[in-house]
Amino acid sequence: MDARLEAIRDTVLARNPGEGEFHQAVTEVFESLGPVHDRHPEFLEGAVLERLCEPERQIIFRVPWVDDAGTFQINRGFRVEFSSALGPFKGGLRFHPSVNLGIVKFLGFEQIFKNALTGMPIGGGKGGSDFDPRGRSDAEIMRFCQSFMTELYRHIGEYTDVPAGDIGVGGREIGYLFGQYKRITNRYESGVLTGKGISWGGSLVRPEATGYGTVIFTEEMLKTRGQSFDGQRVVVSGSGNVAINAIAKAQSLGATVVACSDSSGYVVDEAGIDVELLRQIKEVERGRLKDYEARRSAVSYVEGGSVWDIDATVALPCATQNELDGDAAARLVRNGLLAVGEGANMPSTPEAVAVFQEARILFGPGKAANAGGVATSALEMQQNASRDSWTFAHTEERLTEIMIGIHDRCAATADEYGDPGNYVLGANIGGFVKVADAMLAQGLI
Ligand code: GLU
């Protein structure tokens, strides 16, 4: 890392002790930015990095609610408003027991650059709670969401901060959150949240967008080597919204997705995952992946273990951060891996990324490859602002254009900085320069 940047990075780490994932995300971005500061000394004089690493505002709050047994429950809520240089803070809410300030900050920090890469007018933020939705009834989810919004509402707004979903937050939760926001504020402010239901202000393609976008981005990377998804053997981790739609899109392009996972294990289905069955189990029944095995022939379910033990030519990690380590990466590379498209945020460890880069594997980092979700959220905001709703075909076309645009910008930036094919460099520099220019133009704030 460039010595000037290393000094800034060390201060950030010392100032934010115990936030391991945030440290990792900051370090990863800083490692790409040395050459930018050689060309743009004004970014150093303007303290752009010091400012970017200090969120504009961080909110931590108590979320009290009553479970079905009548027991009082207390969770912690977060919203970290990182950067509004390019637009209102924008980013999802994650409900998962692992959520803490360091995780919300890593996600919010990544979101700044991801959102910049989309070319849409959105800043970066993230939030969530350590609430565990697993096994909770609809009524419990509703009471939790209502309590969460009873504090959050005062901090958000269509011109201020626009949350959406992430792990554990989908259409059902956005519905309860929106209902409570409307009730408290007495405003039908569609643009305050994205990922809404289609009949009340949501956008077609938003549910599919992250998974589809990841596959579109990866297809663009494959094209640079004269390849495509057609005939590839794909392994996807996860089986939530991002994974399911990545599987559907990859298979529509002629790939065979042979395995996917959840936190308990993975399934191997050499004939190709039956997406409709997977949707039924995970989205309709809210069941576990284990149920897939009994309902389809010639499938094996492996309890525990890692889905990365299964060979693939294309790997799409769509579960969570740091799920693919250096050993798994080395094994995949030895067994014929061509490309990795990150559907999740920071799913590859730094060691795994180093292995992929060393082997010149096509590697699409999450902040570029999974930007289709938030980009389509920005399309939802456009539709809300104009009180319009677009067709599926039109919205999908916009998503495809945006993903190709992100790919091409990352590739062109990597070329410009002398490291062709390095999408990590391209994404970090491409996103950063856009935000840095806007920050300098807007003065010291
Ligand atoms: N949580 C998603 C992400 O990581 C989407 C955020 C949004 O739509 O605002 O980008």
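Counting starts at 1 for both ligands and their atoms, following the listed order. Just so you know, these numbers come straight off a predicted model, no measurement behind them. Each residue takes its place number in the sequence, starting with 1.
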Heavy atoms only: which of G91, S377, G213 is nearest to atom 8 (O) of ligand 1? S377

Using a 4.0 Å heavy-atom cut-off, which part of K367 comes near ligand 1: side chain, backbone, both, or neither? neither

Cationic N near anionic O, under 4.0 Å, R57 to D161: no

With backbone taken as N, CA, C and O and side chain as the heavy atoms from C-beta onward, which portion of Q111 lies under 4.0 Å from ligand 1: side chain, backbone, both, or neither? side chain

Minimal non-hydrogen separation, F78 against F61, with atom names: N-CE2, 3.7 Å

Regarding Q180 and R183, do their side chains bring together a donor and an acceptor under 3.5 Å, going by distance alone? yes

For the pair E380 and R206, evaluate salt bridge (charged side-chain N to carboxylate O under 4.0 Å, His left out) and give the outcome as yes or no after the intermediate values. CA-CA 8 Å; E380 182 172 332; R206 179 64 191 86; 5.1 Å; no

Are F148 and F131 close enough that their ring centres sit under 6.0 Å apart? no

Do K90 and T194 have side-chain N/O donor and acceptor atoms under 3.5 Å apart? yes

If you compare E380, E110, K114 by their heavy atoms, the one closest to atom 3 (C) of ligand 1 turns out to be K114

Output field: ring centroids F178/Y188 closer than 6.0 Å: yes

With respect to atom 7 (C) of ligand 1, which of A371, G128, A164, A378 exhibits the smallest heavy-atom separation? A164

Has ligand 1 got any nitrogen or oxygen that is less than 3.5 angstrom from a nitrogen or oxygen of V162? no

Counting non-hydrogen protein atoms only, what is the nearest one to atom 6 (C) of ligand 1? Give residue, atom name and distance. G92 N, 3.6 Å

When you measure from atom 9 (O) of ligand 1 to every protein heavy atom, which one gives the shortest distance, and what is it? K90 NZ, 2.7 Å

Should you measure from each heavy atom of R206, which atoms of ligand 1 turn up under 4.0 Å away? 5 (C), 7 (C), 8 (O)

